[in-house]
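For reference, the structure discussed in these notes is given below.
As the structure is a prediction and not an experimental result, all values here were calculated from the model.
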Amino acid sequence: MPRTLSPSTLRAQVAAIIAGTGSTPSEAEQVAANLVLANLSGHDSHGVGMVPRYVDAAAEGGLKPNASVRINLDSGTMLALDGQRGYGQIVGVQAMALAIERAKQHGSCVLSLANAHHLGRIGHFAEMATAQGLVSMHFVNVLSRPVVAPWGGGDGRFGTNPCCIGIPIAGTDPFILDYATSRVAQGKMRVAHNKGERVPPGTLIDEHGAPTDDPGVVVVPQSNGLFGALMTFGEHKGYGMAVACELLGGALTGGGTWHRPADTARTVLNGMLAIVIDPGKLGTQASFEQEAQAFVDWLRRSPPGQGFDGVQIAGEPERKARAARERDGIWIDDATWDEIVAAGAKVGVTIG
Ligand code: NAD
């Protein structure tokens, strides 16, 4: 039976499983809180459904519980860090905390973070920056089975390489643009496949390079043992952004790019290049606040287009989802729940 769980119940159950991978109680709680926040934000793809993958990755040795960032270089405005394969929810937060501190001190910080295990929802890091009145931009690559086809190509060559921009807006909620450069996140295909749903045209190609609406082509091996692939958003433009994320998040950070055949490893590593800016130190704070607020108000006054309730600003759908799911609970489909229960069993934790 699908179930609806309160955020606190889900956090406790997930924390128990993460602790079973070897994490300290406080690390397990932080990872669980981050995953549940992704569910609350409406991004089930980056929520507790990732737990089975993390359990397998820790068992493989590709994910190292209780790791911290190692500082390879710290020149004040430039920070080069190695996540040492620690939980992304931990090393990503450590890295951003350092970058925020440096940006407040010097006006800006270029952060490179290599070898973080899956960083989850990248918007989490932009929200850390905007909460302090800072702007942040994030370019991320994904070292895992390549699931996204290059524009014009017929198989998966890179990951869902997310890109994120956070901008504080005076007097109102921040702009948090946070998306995979694939048409949809890979995790959303897992969720759709688990729910038995089909996906819109233009999202996927099958293992022969032909268009399909079956999310299973990127979730389970097809008849010939190969997988299909996701397409990038925005045709050649989204493709270009995905490549930029690979070059900046993978090559420039030192974490590396993907250029080898797919393997079956469960470990997912992310590289992230982030740029954090303190508008207060750029000399434009007053006009920035005024102009950003005026522009957002201007957008909101656009009359609703046909089939829409009105204009939203990036970050708003996630905040609305949080309010609704905090109130109503988090719905988990059968297949996802069964996978989580089985993951718990692998580390000796019974949930139900
Ligand atoms: P998505 O397609 O749901 O797009 C989300 C973005 O669009 C958000 O900024 C949201 O506020 C904005 N948005 C949505 N509807 C809107 C509307 N009507 N008006 C204005 N703005 C609107 O997101 P996605 O591509 O499915 O990505 C989901 C999550 O997956 C992201 O948090 C991303 O960081 C994460 N991700 C992580 C990895 C990783 O390896 N760590 C890889 C891929 C994606």
Side-chain angles (χ1 to χ4, degrees), residues 18 21-31 33-34 54 57-58 61-144 159 161-166 178 244-258 267-282:
I18 299 295
T21 69
S23 292
T24 60
S26 77
E27 172 164 296
E29 276 164 28
Q30 193 176 325
V31 173
N34 178 294
Y54 293 176
L63 162 60
K64 308 276 188 205
N66 309 316
S68 295
V69 288
R70 187 184 68 219
I71 300 180
N72 287 338
L73 177 146
D74 180 358
S75 71
T77 56
M78 308 281 271
L79 266 178
L81 309 180
D82 191 308
Q84 307 202 87
R85 294 175 169 256
Y87 272 105
Q89 291 79 2
I90 303 294
V91 295
V93 166
Q94 290 173 347
M96 274 307 289
L98 286 171
I100 285 170
E101 196 181 291
R102 300 296 184 278
K104 280 181 160 176
Q105 213 176 341
H106 303 288
S108 65
C109 180
V110 175
L111 162 71
S112 90
L113 174 64
N115 300 316
H117 195 262
H118 190 242
L119 288 163
R121 200 177 62 87
I122 305 305
H124 187 78
F125 307 113
E127 285 165 357
M128 285 178 70
T130 57
Q132 307 271 329
L134 307 175
V135 169
S136 74
M137 295 168 250
H138 308 254
F139 304 91
V140 179
N141 84 324
V142 189
L143 297 177
S144 174
N161 294 2
C163 175
C164 176
I165 301 174
D178 171 28
C245 285
E246 191 78 22
L247 296 175
L248 297 175
L252 191 58
T253 60
T257 60
W258 188 280
T267 301
V268 188
L269 295 180
N270 281 144
M272 175 167 78
L273 184 85
I275 299 163
V276 184
I277 301 168
D278 182 352
K281 290 227 162 44
L282 202 58

query = Going by heavy atoms in the side chains, are Leu111 and Val276 under 4.5 Å from each other?
reply = no
note = CD (Glu101) and CD (Gln132) are apart, to the nearest 0.5 Å, by 10.5 Å
inquiry  = Just verifying a value: how many Å separate Asn270 CG and Asn161 CG, rounded to the nearest 0.5 Å?
reply    = 8.5 Å
ask   = Is there a donor-acceptor contact under 3.5 Å from the side chain of Gln30 to the main chain of Gln89?
value = yes
task = With rounding to the nearest 0.5 Å, note down the distance linking CG in Asp278 to NZ in Lys104.
result = 8.0 Å
ask   = Testing Asn115, Leu113, Asp82 for side chain to side chain contact (heavy atoms under 4.5 Å, CB included) with Val69, which one passes?
value = Leu113
query = If only atom types and distance count, is the side chain of Glu27 paired as donor or acceptor with the main-chain N or O of Ile90 below 3.5 Å?
reply = no
query = Nearest heavy-atom pair of Leu143 and Thr257: which atoms, and what distance?
reply = CD2-C, 3.7 Å
ask   = Could you give the distance from SG (Cys164) to CE (Met272), rounded to the nearest 0.5 Å?
value = 9.0 Å
query = Heavy-atom distance under 4.5 Å between the side chains of Arg85 and Thr267, does that happen here?
reply = yes
task = Would you confirm whether Gln84, through its side chain, and Ala67, through its main-chain N or O, come within 3.5 Å as a donor-acceptor pair?
result = no
request  = Please determine which of Asn66, Asn34, Thr21 meets the side-chain hydrogen bond (donor to acceptor under 3.5 Å, both in side chains) test together with Tyr87.
outcome  = Thr21
inquiry  = Applying side chain to side chain contact (heavy atoms under 4.5 Å, CB included) to Leu98 and Asp74, what does each step give before you reach the verdict?
reply    = CA-CA 10 Å; Leu98 286 171; Asp74 180 358; over 6 Å; no
task = Would you check if Val140 and Cys245 make a side-chain contact, meaning some heavy-atom pair closer than 4.5 Å?
result = no
query = Looking only at heavy atoms, which two atoms of Ala97 and Met128 are closest? And how far apart?
reply = N-CE, 3.9 Å
ask   = Tell me, do Tyr54 and Leu63 make a side-chain contact under 4.5 Å, heavy atoms counted?
value = yes
ask   = Minimum heavy-atom separation for Val142 to Gly159, with atom names?
value = CB-CA, 4.1 Å
query = Counting N and O atoms only, with roles assigned by atom type, does the side chain of His118 sit under 3.5 Å from a partner on the main chain of Leu269, one being a donor and the other an acceptor?
reply = no
note = For Leu119 and Gly92, the nearest pair of non-hydrogen atoms, with its separation, is CD2-CA, 3.7 Å
inquiry  = When you measure from the side chain of Asn141 to the backbone of Leu248, do you find a donor-acceptor pair of N or O atoms at a distance under 3.5 Å?
reply    = no
remark   = Interatomic distance, CD1@Ile100 vs OG1@Thr130, rounded to 0.5 Å, equals 8.5 Å
query = Is the shortest heavy-atom distance from the side chain of Leu79 to the side chain of Cys109 under 4.5 Å?
reply = yes
ask   = Do you know the tightest heavy-atom contact between Pro65 and Gly22?
value = CB-C, 3.9 Å
inquiry  = Are the side chains of Cys163 and Ile122 in contact, using a 4.5 Å heavy-atom criterion?
reply    = no
message = Return the CZ to CG distance between Phe139 and Leu247, rounded to the nearest 0.5 Å.
response = 11.5 Å
task = With sequence neighbours excluded, tell me which residues meet salt bridge (Lys or Arg N to Asp or Glu O under 4.0 Å) with Glu29.
result = none
query = Is there side-chain contact between His124 and Asp178, with heavy atoms separated by less than 4.5 Å?
reply = no
request  = For His117 and Val91, run side chain to side chain contact (heavy atoms under 4.5 Å, CB included): C-alpha distance rounded to whole Å, both residues' side-chain angles, the deciding distance at 0.1 Å, then the answer.
outcome  = CA-CA 8 Å; His117 195 262; Val91 295; over 6 Å; no
